[in-house]
Asks: 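Input: one structure, supplied below.
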Amino acid sequence: MSIEKNEEFRPKIVAFCCNWCSYAGADLAGSSRMTYSADVKIIRVPCSCRVNPMFILRAFERGADGVIMCGCHPGDCHYTSGNYYARRRMTLLFSMLDYIGVESGRTRVEWVSAAEGAKFSETMHEFVDKITSLGKNVRLEDLRCRNL
Amino acid sequence: MQRIGVFVCHCGTNIAATVDVKKVAEMALHEPGVVHAEDYAYMCSEAGQELIHKAIKEKHLTGLVVCSCSPRMHETTFRNAAEKAGLNPYMVEIANIREHCSWIHKDIEEATEKAVILMRAAIAKVNLDAPLKPGESHVTKRALVIGGGIAGIQTALDIAEAGYPVDIVEKTPSIGGRMSQLDKTFPTLDCSSCILTPKMGEVNAHPNINIYTYSEVESVSGFVGDFTVEIRRKARSVDMDKCTGCGVCQDKCPSKKTPSEFNRGLGTRSAIYTPFAQAVPNVPVIDRDACIKFKTGKCGICSKVCLAGAIDYDQTDEIVTEKYGAIVVATGFDMIKLDKYDEYAYSQSKDVITSLELERIMNAAGPTGGHLERLSDGKAPKEIVFIQCVGSRCADDRGKSYCSKVCCMYTAKHAMLIRDKYPDVNVTVFYIDVRTPGKNFDEFYRRAVEEYGVNYIKGQVGKVIPQPDGKLLVQGADLLDNKQILKEADMVVLAAAIEPNPDVRKIATMLTASIDTNNFLTEAHAKLRPVESPTAGIFLSGVCQGPKDIPETVSQAGAAAVKAIGLLAKDKLLTNPCTAQSDELLCNGCSQCANVCPYGAITYENKEVNDHGIREIRRLAVVNDALCQGCGACTVTCPSGAMDLQGFSNRQILAEVDAICR
Amino acid sequence: MKTEQKRAEMIKEISGVNPLKCMKCGKCSASCPSYNEMDIKPHQFVSYVINEDIESLAESKSLWKCLSCFACVERCPRDVKPGKLIDAARQIVVRERGRNYLLADEIPELVDPDTPQQLLVSALRRYRR
Amino acid sequence: MKYSYFPGCTLKNKAVDLDHYARVSAEALGFELEEISEWQCCGGVYPLGTDEIATKLASVRALNDAKEHGQDLVTVCSACHHVIKRVNDDMKNVDDIRTRANNYMKLDEPYEGETTVLHYLEVLRDKVGFDELKKKVTNPLKGKKIGAYYGCLLLRPGKLMAFDDPENPTIMEDFIRAIGAEPVIYPYRNECCGGYISLKEEDMSREMCRKIEESAAGFGADMLITACPLCMYNLNKNNGDNLPVCYFTELLAEALGLKEEVDEQ
């Protein structure tokens, strides 16, 4: 590994993908060989509504630089309405994250269907670029864990 | 502590070319709980599964991580392998190092590093896995087919022949669909209605088939094997049992000016009507928007002339509720609207028509009695120009990104039929590519050129310019001659793109079936499961899944039927054990989980709990495993953290997050 | 990078067009009102950029026959918009060598008492640096 | 209602008619055109190059001036309208152009495409309303068969100009109906007249204008109307069939009974 490469900032990015649409979209991106950065690591959840805001906070606590959540397009949720719940929860969470000092650009919600491999890849490209431009994130700290 | 075995698949070179699989296996041994790790060329092969079997037995493994392709491909394979070796199948986790890693990264070091991280996340998850046992659910042995075109007809016949009852729901007053509007069919030039009508009759007479025409699916609930569907039977205003189909009402109806849907608006129909002569069922409906009786209260002629007394102005919409084990979607297609393509002057000249309109003009039962004539002045055309790819293969939002697939062939058919019947008419086709894959297809197209002298010009048309004398000046490019052509024509036929029936989105939403940006329903696997929706129990037939011609539609309709029959033949289905569960000690009975549950799977019971020695009766959430589909909405909503999802628990997902961010 | 390659890249950059999206349908050439006056036809323009033969484009009289009427831009089904490529090539020629198609000296001869300012302004902007 | 008004170079000179009729009619229809102070020529053609900034600044200045006055920006000339609307779109949607143009301009507050750009015809259709216009017509031009000549600049690119259907527009026909005349629809109404090419390639422009006029006359038009001074020039210059061409504002003033008033000025 060259020295330059060591110095280069490589963001840690967690992507939550619902099993039915966006995880399948990511699979399609893969089988269509549509590349995106290796900095993105996907966690499979049954539905975007399974994503607890706690998971995202935990990611930022453990040093993630960006978290993206992908689900089925509004109206197309495999479980009928899960993505609507997810959308509301994330809107609330993101506004609070901004308040505690995590830039709004570090989180994103995107709807990707099983047929949108290209969109998945493009979205990840964009998101990685955005996070790279924002640089290293400030690690959140869980005050409950601090010895006072 | 678990005893975990990690198996890293090479997938030939699919994974091994970009991921250092040996290193991944080696790194696995440093992870907590891992007691065994190995790599192999094809983990999904018999030999690969044998390795897993042996390791489970020898190392007394309690959990498995397979680093391979997507769990959507082989999760079931490896779960079955685990079960054969005596391990609970839900103690298996897949690290997707192919679709999410080796196939999208080029740098070996980078891809290996990512594969290791994905593996760590899977190990972290399996460490917290618990054995799960699926429940059972019953199968209602009845199928629903949505759409009564050739796709729905064929699927229904095949299912019915296998001995299962089938209902067809068709929106229009008759089954038959687009195929009933066609004049001839390629590549053999059979008359469309001659081959379709017998099938329609067969459907009508089949003891296992029940047809709901002039009806729409109103709502769908339930899941594979046990769907509950509400069907709206729109008020026909004619009693189906009494009507003899004599047709007198249609003759006598004084309101005859409504554009005929069946003739694509080129002719008119009466307010009480059957769409076409061979309609099944042969029972008319009253179009209440056109009917004088409904508009003004005066008239009632149809009622007076009906000897059977079948006219019933007071009929109302009726909702039928029925249970089904399987649902087949066969909603078909329509042609795109051409309002964004007015360079072809479709809205400016009556002599610029779509191919489907030409079908009606060529048909003996059509608006011109089968005579090829200009709609503007009734004159016989001498020069006809066909324009291909109108709205197909478009990168902008004017049209569709896909190839409509059928236009090249039907245009060759039209050209051939016209030259055959009217040898003095010149036919020119402007094309971008002529696409004729299919048995005897290219031969068919070549016949149009070689035997019938159809003039094919490679190039698009820029503009159709109506002339004051009623002629149409076609300005196109001849790319092979490198010329701009100005061709005078009497008629221009546009091969407009086809698009899924606009209603399909609503239906897909009701079925929670995946749909793509073009409104085509998504198949479970593009190659291996082409007639199944990813949503269990939903099958796809015909153009609702993608553009296809009649032979292909019929094949796919049969395939969808077989899949549905395979489901209906089962007595029991195993249910997904990844359901929600509530911790009785944490639940405060607030009802929030029940409010978000889309399946009504959560109820409340007053139960006695022992909370650290204190016994009391509390109102607690109880999940019905048979109803819960495992989405997890309740787990996030629960304010006390009592609700959790088996197989995707809070601790497991947090462990994955930790492993990735490590 | 070779000069021709560089110029092709520049045309793509200035125009914002990706010529690889072209499916060679000929709709641009079918729409072009100046087609007969052009030596390199609108659809060929796209191939010339793909093949990095910019010198031929620079020498082409088509550059000065295009009206920028956007008929091809409007109707191109693949979002290639050949009119933009032609304008970019024109820009390159004018910028690189000051190859002005319209010379100041010839203007008095070309105008008549009715010539609107708009005509001169437009021509100057299209034909000159 | 008050609008910022960008007359453009030609309307101050060879096309003063277009301008005068527009202003007088506006007054009668209850809106005011307030000329932007120190406006600069738009350049006549929209610079297509994505790296062109300086050539777009005149438009940005006008747009920003309108923004500061809190007014929509109205143009009558097709070319000015085309250029300004497209530059406005760049300022709204193209990050690079917006940033660089603002760097040049050094405004107190950066301009980001806030102004709405309207063609005079759009004001008639969307603000005044053709029905309303019809009511105010005192001298309906009965019996006149008029061909609307759109040309290219008003309509294309359709998505950006968002003026009307680029292949089958109706706004000028509706206008013609509102002033009591009969519109003649002919296929060449959205084909180019040759534009600036008439300076050096007279023959090309002549051929194009011939097709336009033949087509219009063939479908029974007695006259053509246009919004563009350059179209007017080309059509008049190459007028083989002696089909009269005039600005739409002239007919508007005539229908409102104001033509003589202007002509006397």
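Convention: sequence-line order gives letters A, B, ...; per-chain numbering from 1.
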Asks: Check whether C:Lys65 gets within reach of chain D through its side chain, its backbone, both or neither, counting any heavy atom under 4.5 Å.
Replies: both
Asks: Considering non-hydrogen atoms only, spot the tightest contact between D:Val45 and C:Ser122 and give its length.
Replies: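 Reported closest heavy-atom pair: CG1-CB, 3.7 Å.
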Asks: State plainly whether the residues D:Lys200 and C:Glu37 are in salt-bridge range, i.e. N to O under 4.0 Å.
Replies: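 No, no charged N to carboxylate O under 4.0 Å.
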Asks: Are D:Tyr46 and C:Ser68 close enough, and set up right, to give a side-chain hydrogen bond (donor to acceptor under 3.5 Å, both in side chains), and what steps lead you there?
Replies: CA-CA 9 Å; D:Tyr46 169 75; C:Ser68 303; over 6 Å; no
Asks: If you tally heavy-atom pairs under 4.5 Å against chain C, which of D:Ile197, D:Leu11, D:Asn234 wins?
Replies: D:Ile197
Asks: For D:Cys192 and C:Cys69, work out which heavy atoms get closest and say how close.
Replies: CB-CB, 3.6 Å
Asks: Can you find a heavy atom in the side chain of C:Gln91 that is under 4.5 Å from one in the side chain of D:Pro47?
Replies: no
Asks: Ignoring hydrogens, what is the shortest heavy-atom contact between C:Val121 and D:Cys9? Give both atom names and the distance.
Replies: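 Heavy atoms of C:Val121 and D:Cys9 come nearest at CG2-SG, 4.4 Å.
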Asks: Can you say whether C:Ala123 sits under 4.5 Å from chain D via the side chain, the backbone, both, or neither, judging by heavy atoms?
Replies: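 Both parts, backbone and side chain.
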Asks: Quick one: are C:Gln117 and D:Lys12 in side-chain contact, heavy atoms under 4.5 Å?
Replies: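 Sidechains of D:Lys12 and C:Gln117: no contact.
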Asks: Do D:Thr50 side-chain atoms and C:Ile14 backbone N/O form a donor-acceptor pair below 3.5 Å?
Replies: yes
Asks: Would the distance check show the side chain of D:Thr10 and the main-chain N or O of C:Gln118 forming a donor-acceptor pair, the cut-off being under 3.5 Å?
Replies: yes
Asks: Can you confirm whether D:Glu38 is buried at CD, in the sense that more than 12 heavy atoms of other residues, nucleotides or ligands lie under 6.0 Å from that atom?
Replies: no
Asks: What part of D:Ala79 gets within 4.5 angstrom of chain C, counting heavy atoms only: side chain, backbone, both, or neither?
Replies: both
Asks: Going by heavy atoms in the side chains, are D:Leu155 and C:Glu74 under 4.5 Å from each other?
Replies: no
Asks: More than 12 foreign heavy atoms under 6.0 Å from NZ of D:Lys92: is that the case here?
Replies: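 Not more than 12 within 6.0 Å, no.
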Asks: Which region of C:Glu13, side chain (C-beta onward) or backbone (N, CA, C, O), has a non-hydrogen atom less than 4.5 Å from a non-hydrogen atom of chain D, or is it both or neither?
Replies: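 Just the backbone, heavy atoms under 4.5 Å.
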Asks: Looking at side-chain heavy atoms only, is the closest gap between C:Arg125 and D:Thr55 below 4.5 Å?
Replies: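 Yes. Closest side-chain heavy atoms under 4.5 Å.
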Asks: Identify which of C:Gly16, C:Ser15, C:Ala71, C:Ser31 forms the greatest number of heavy-atom pairs closer than 4.5 Å to chain D.
Replies: C:Ala71
Asks: Go through D:Pro229, D:Gly8, D:Ser198, D:Gly195 and name the one with the most non-hydrogen pairs under 4.5 angstrom from chain C.
Replies: D:Pro229
Asks: Just so I understand: if I count every heavy-atom pair under 4.5 Å between each of C:Asn36, C:Val111, C:Val73, C:Thr115 and chain D, which residue has the most?
Replies: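 When all of C:Asn36, C:Val111, C:Val73, C:Thr115 are compared, C:Thr115 has the most.
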Asks: Is the closest side-chain donor-acceptor distance between C:Asp112 and D:Tyr233 under 3.5 Å?
Replies: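 Yes, side-chain donor-acceptor contact under 3.5 Å.
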Asks: Heavy-atom pairs under 4.5 Å with chain C are the metric here; pick the option from D:Leu230, D:Asn236, D:Asn190 that has the most.
Replies: D:Leu230
Asks: For C:Ile107, is it the side chain, the backbone, both or neither that has a heavy atom under 4.5 Å from a heavy atom of chain D?
Replies: neither
Asks: Would you check if D:Glu207 and C:Pro33 make a side-chain contact, meaning some heavy-atom pair closer than 4.5 Å?
Replies: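 A side-chain contact is absent here, since even the closest heavy-atom pair is not under 4.5 Å.
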Asks: In terms of heavy-atom pairs under 4.5 Å with chain C, which of D:Glu167, D:Glu191, D:Lys159 leads?
Replies: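 Looking at each of D:Glu167, D:Glu191, D:Lys159 in turn, D:Glu167 comes out on top.
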Asks: May I ask you to test the C:Phe70-D:Met161 pair for a side-chain heavy-atom distance under 4.5 Å?
Replies: no
Asks: Among D:Leu199, D:Leu153, D:Asn13, D:Val83, which has the most heavy-atom pairs under 4.5 Å with chain C?
Replies: D:Leu199
Asks: Heavy-atom distances under 4.5 Å only: say whether D:Cys77 touches chain C with side chain, backbone, both or neither.
Replies: side chain
Asks: Find the distance between CG (C:Leu67) and OH (D:Tyr196) and round it off to the nearest 0.5 Å.
Replies: 6.5 Å
Asks: Verify, without hydrogens or angle tests, whether D:Lys14 (side chain) and C:Pro113 (backbone) share a donor-acceptor contact under 3.5 angstrom.
Replies: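 Indeed, once roles are kept as given, a pair shorter than 3.5 Å links the two residues.
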